[in-house]
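Some notes on the structure that comes next.
Naming convention: chains lettered A, B, ... in sequence-line order (proteins, then strands); numbering from 1 in each chain.
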Protein chains: 2
Amino acid sequence: MKRKITLKQIARELDVSISTVSKALKNSKEISADTIQKVQAFAKLYNYRPNNIALSLKNRKTNTIGIIIPEIVHHFFSKVIRGVELVANKRGYNVIIGLSNESFSKEVINMEMLANGSIDGFILSMSKETLQQQDYHHFNETMSQGMPIVMFDRVVSDIKCDKVIVDDFKGAKNAVEKLIANKCKSIALITTKDYVSVGKLRTQGYLEALHENRITPEADLILKMDDTLDYEVHLETLEAEIEQLFKSNKKIDGVFAVNELYALSAMKVARKLGLSVPNDIQVIGFTDGVLSKHATPSLTTVSQHAQQMGEKAADLLIDKIETEFDTEEEQFQTVVIPTDLVERESTK
Amino acid sequence: MKRKITLKQIARELDVSISTVSKALKNSKEISADTIQKVQAFAKLYNYRPNNIALSLKNRKTNTIGIIIPEIVHHFFSKVIRGVELVANKRGYNVIIGLSNESFSKEVINMEMLANGSIDGFILSMSKETLQQQDYHHFNETMSQGMPIVMFDRVVSDIKCDKVIVDDFKGAKNAVEKLIANKCKSIALITTKDYVSVGKLRTQGYLEALHENRITPEADLILKMDDTLDYEVHLETLEAEIEQLFKSNKKIDGVFAVNELYALSAMKVARKLGLSVPNDIQVIGFTDGVLSKHATPSLTTVSQHAQQMGEKAADLLIDKIETEFDTEEEQFQTVVIPTDLVERESTK
DNA sequence: TTTTAACACGCAAACGTTTTCGTGACTTAT
DNA sequence: ATAAGTCACGAAAACGTTTGCGTGTTAAAA
């Protein structure tokens, strides 16, 4: 088991100095053709590669970006990662991941671990707990130390940094407008509590669409789920709530759900109650997920283009990393990725 | 924008030497209580944290593990990552990801990037292309440089390293036995071509179950898909093939599919042909995915316990990293994670 | 008063690079 | 023959740590 070879070892073997080896490998014109040839041959033979850690230390640059997300077993986030990884690799960066598991303290710990030299910048989406507690000190501290942050999807305006978001408001509005155009008269909304910014915005989009079409929103038709529960495990609770909604509002003929699972559950409950989708009830969800595509009937959704978000976030971050324009005060931008309404079988 | 503070800066401010600061922070008894108190107060004030990169260089240890997978937008792999991340963090390690995108060359490049000092060891699952080309030089080279590798799921016996696999053979056999016990007389198999080890083993499990029950396998009932195609985009091709299978073998009353998508497609085609699942045809898939749970009818599957695989792989790897027992020749182990048959609505 | 020991701290090397600068040995021009 | 200029290379510093060892000061023991 041989260790990785270093400049020092090559130097010793070839009886030259370390600096000569280093320069020879870079085809420096300070070094004679003879020596260059000799060194490069030896280096190739032993498959020399410079040690990244040493380079990082010397250059004060790791060429690695950290990504902190609440959860990885989730199509949206894994697609974002794929996007990040794609452009990161293309631009010579590695990606290191940290999972907050929706916990504030894990988010803080993870960021601290990575912030101490391991990476050049962060791409992150806040945990629900952080959103609830509204404690953003770790973000601000990280940035004050000169480490750039790009946030995506779950953002708050209090934090001054680059952001990549989806137009939740317009996406939701479009979806509801589609239902209205499809002759739905009584459109229910299944959403989350308001502290999650995206849920809030989608709810507003729903209301705006109703308003513009002179439909009076009814509180009865709006179901706000407590999403601190993991509904992958408490599916029955979710379904029971929706069933209750449907039963007490028989006139419902359209449903807009702010995520995939809510939408699927709505369809499931509808079927259970003997209602046909899309004939009796039309359903639209909000996501990029795989469930929508393979559901029966397949689900019409607002697509978020998660991968594109990841790509954009990575580009923004690397741009920031690579310009040391500390000159004028920082300029932050918020990029809005447009949504698409992907029409499938759950709408007419 | 202040840079991160270093020992040197603390030393200069407090007019002591760097080593004194370092020792004071570690409560070394070489240092007076006075100085310790002074240094620690200052360090806390400025929120000093040692630079990971410098530590990595000094200790020749990064406390980071690399994970190379073919694809991240995939429930199985993201669950594995979650498992890896879970135990890695618990044991003080970070996780850095590389995606091979099922490509041999990207796998090689990614490994080379990480192998040069960035990480202490690899956890990986081979790309399809690597499996086809059977070129494993990059794995062997990496290991010969003293970097441990743990492989999971897609493995080959030619490579000597720790492995974590699922008992594909037994899992498949159990599933088919279940179908047989449920009175299926004509059981079809939808699988991949044999170069993917897992597909091959699952096929063998299928055959073995038939054999033990004195059922003669029929070539007509075995559909081998070319999985170099991405069936997420070529769904129609997949469905057409399955439809062909069903139409030319009307007696089929059971289907075992080696993954989730094949199984779902089989159900979809069955429905299209007016066959009821599970009354006319019972279906079992193989995976941990989310589709199975939310499909209609929900799909009975062989669960792989992906997260557990990730956890085990991480433990194996870190164990190996942390024992420098170069003494006797290396001992490699292959851990088999048992599968579970999760019964849902697609079987009786 | 001298020797010894404890104490509190600094020096320097090491991890593996890159890069600036210095310096001998030649070569060329005067 | 001497001055100037190339050429080819080495020494050393720097990135931020940790740690073994040396050392000056003081206090205790002889």
Side-chain angles (χ1 to χ4, degrees), chain A residues 2-40 42-43 46-64 113 115-120 145-146 324, chain B residues 2-40 42-43 46-64 113 115-120 145-146 324:
Chain A
K2 56 190 182 207
R3 280 219 159 284
K4 288 228 69 168
I5 196 166
T6 69
L7 287 185
K8 190 191 283 193
Q9 293 170 48
I10 300 184
R12 194 184 312 136
E13 292 293 323
L14 263 43
D15 211 44
V16 292
S17 78
I18 294 180
S19 23
T20 301
V21 178
S22 175
K23 290 168 184 167
L25 289 173
K26 297 195 144 43
N27 288 311
S28 161
K29 49 187 175 307
E30 277 185 57
I31 307 297
S32 69
D34 254 19
T35 312
I36 290 190
Q37 142 64 8
K38 187 176 58 172
V39 170
Q40 294 194 348
F42 192 91
Y46 284 90
N47 197 29
Y48 170 80
R49 294 278 184 282
N51 180 307
N52 288 331
I53 294 292
L55 287 180
S56 296
L57 182 58
K58 176 133 191 51
N59 302 331
R60 293 220 200 86
K61 177 134 188 333
T62 62
N63 269 29
T64 301
M113 274 200 75
N116 299 316
S118 300
I119 61 166
D120 296 335
Q145 284 169 162
E324 50 262 79
Chain B
K2 55 188 186 208
R3 279 222 159 284
K4 289 229 67 169
I5 196 166
T6 68
L7 287 186
K8 189 191 284 192
Q9 292 171 49
I10 301 184
R12 195 184 311 136
E13 292 294 324
L14 263 43
D15 211 45
V16 292
S17 78
I18 295 179
S19 25
T20 301
V21 178
S22 175
K23 289 168 183 168
L25 289 173
K26 296 196 146 43
N27 288 310
S28 161
K29 49 187 174 307
E30 277 185 59
I31 307 297
S32 70
D34 254 19
T35 312
I36 289 189
Q37 143 63 8
K38 188 176 58 173
V39 170
Q40 294 194 350
F42 191 92
Y46 284 90
N47 196 29
Y48 170 79
R49 294 277 184 283
N51 180 307
N52 288 332
I53 295 292
L55 287 180
S56 295
L57 182 59
K58 174 133 190 53
N59 302 330
R60 286 176 164 161
K61 176 132 186 339
T62 63
N63 270 34
T64 302
M113 276 199 75
N116 298 318
S118 300
I119 60 166
D120 296 334
Q145 283 168 163
E324 50 263 78

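Among residues at least two apart or in separate chains, salt bridge (charged side-chain N to carboxylate O under 4.0 Å, His left out) pairs with a member in residues 21-40 of chain A are A/Lys23-A/Glu30. Residue pairs meeting the salt bridge (charged side-chain N to carboxylate O under 4.0 Å, His left out) criterion with at least one partner in residues 6-22 of chain B, sequence neighbours excluded, do not occur; the list is empty.
Rounding to whole angstrom units, NZ of residue B/Lys26 and C1' of D/dT17 are separated by 8 Å. What separates CD1 of A/Ile18 from P of D/dA11 is a distance of 10 Å, to the nearest Å.
Residues that satisfy the side-chain contact (heavy atoms from CB on, under 4.5 Å) test with A/Lys58, not counting sequence neighbours, are absent from this structure. Remark: B/Lys4 engages no residue in a salt bridge (charged side-chain N to carboxylate O under 4.0 Å, His left out) (not counting sequence neighbours). Judged as a ring pair (Phe, Tyr, Trp, His ring centres under 6.0 Å), and not counting sequence neighbours, the contacts of A/Phe42 are A/Tyr46. In this structure A/Thr64 satisfies the side chain to side chain donor-acceptor pair (under 3.5 Å) test with no other residue, sequence neighbours excluded. Under the rule for a side chain to side chain donor-acceptor pair (under 3.5 Å), the partners of A/Gln40 that lie at least two apart in sequence or sit in another chain are A/Asn27. Partners of B/Thr20 by side-chain contact (heavy atoms from CB on, under 4.5 Å), not counting sequence neighbours, listed by chain and number: B/Val16, B/Ser17, B/Ile31, B/Thr35.
Taking the C1' atoms of five terminal pairs at each end of the helix from C/dT1-D/dA30 to C/dT30-D/dA1, the two resulting helix axes are inclined by 80°, rounded to 10°.
When the side-chain nitrogen and oxygen atoms of B/Ser28 are compared with OP1 and OP2 of D/dT19, none of them lie within a distance under 4.0 Å. For D/dT17, the OP1/OP2 oxygens have no side-chain nitrogen or oxygen of B/Ser22 closer than 4.0 Å.
Between the side chain of A/Thr20 and the base of D/dA8 there is no donor-acceptor pair of N/O atoms closer than 3.5 Å.
For the residue pair A/Tyr48 and A/Ile5, the shortest heavy atom distance occurs at CD1-O, 3.5 Å. Considering every non-hydrogen atom in both B/Ile53 and A/Gly117, the closest pair reads CG1-O, 3.0 Å.
DNA chain C lies under 4.0 Å from at least one heavy atom of each of the following residues of residues 5-16 of chain A: A/Thr6, A/Leu7, A/Lys8.
A donor-acceptor contact shorter than 3.5 Å is absent between the side chain of B/Asn59 and the backbone of B/Lys61.
Nearest-nucleotide positions on DNA chain C for A/Pro50 and B/Val21 put B/Val21 closer to the 5' end. Of the two residues contacting DNA chain C, namely B/Ser19 and B/Lys29, the nearest-nucleotide position lying further toward the 5' end is that of B/Lys29.
B/Thr35 comes within 4.0 angstrom of the backbone, heavy atoms only, and of no base.
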Could you list all N or O pairs between the protein and nucleotides 21-28 of chain D that sit under 3.5 Å apart?
| unit_1 | atom_1 | unit_2 | atom_2 | d |
| --- | --- | --- | --- | --- |
| D/dC21 | N4 | B/Glu30 | OE1 | 3.2 |

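Counting 5' to 3', DNA chain C first comes under 4.0 angstrom of a heavy atom of chain A and last does so at the ends given by C/dC15 to C/dC21.
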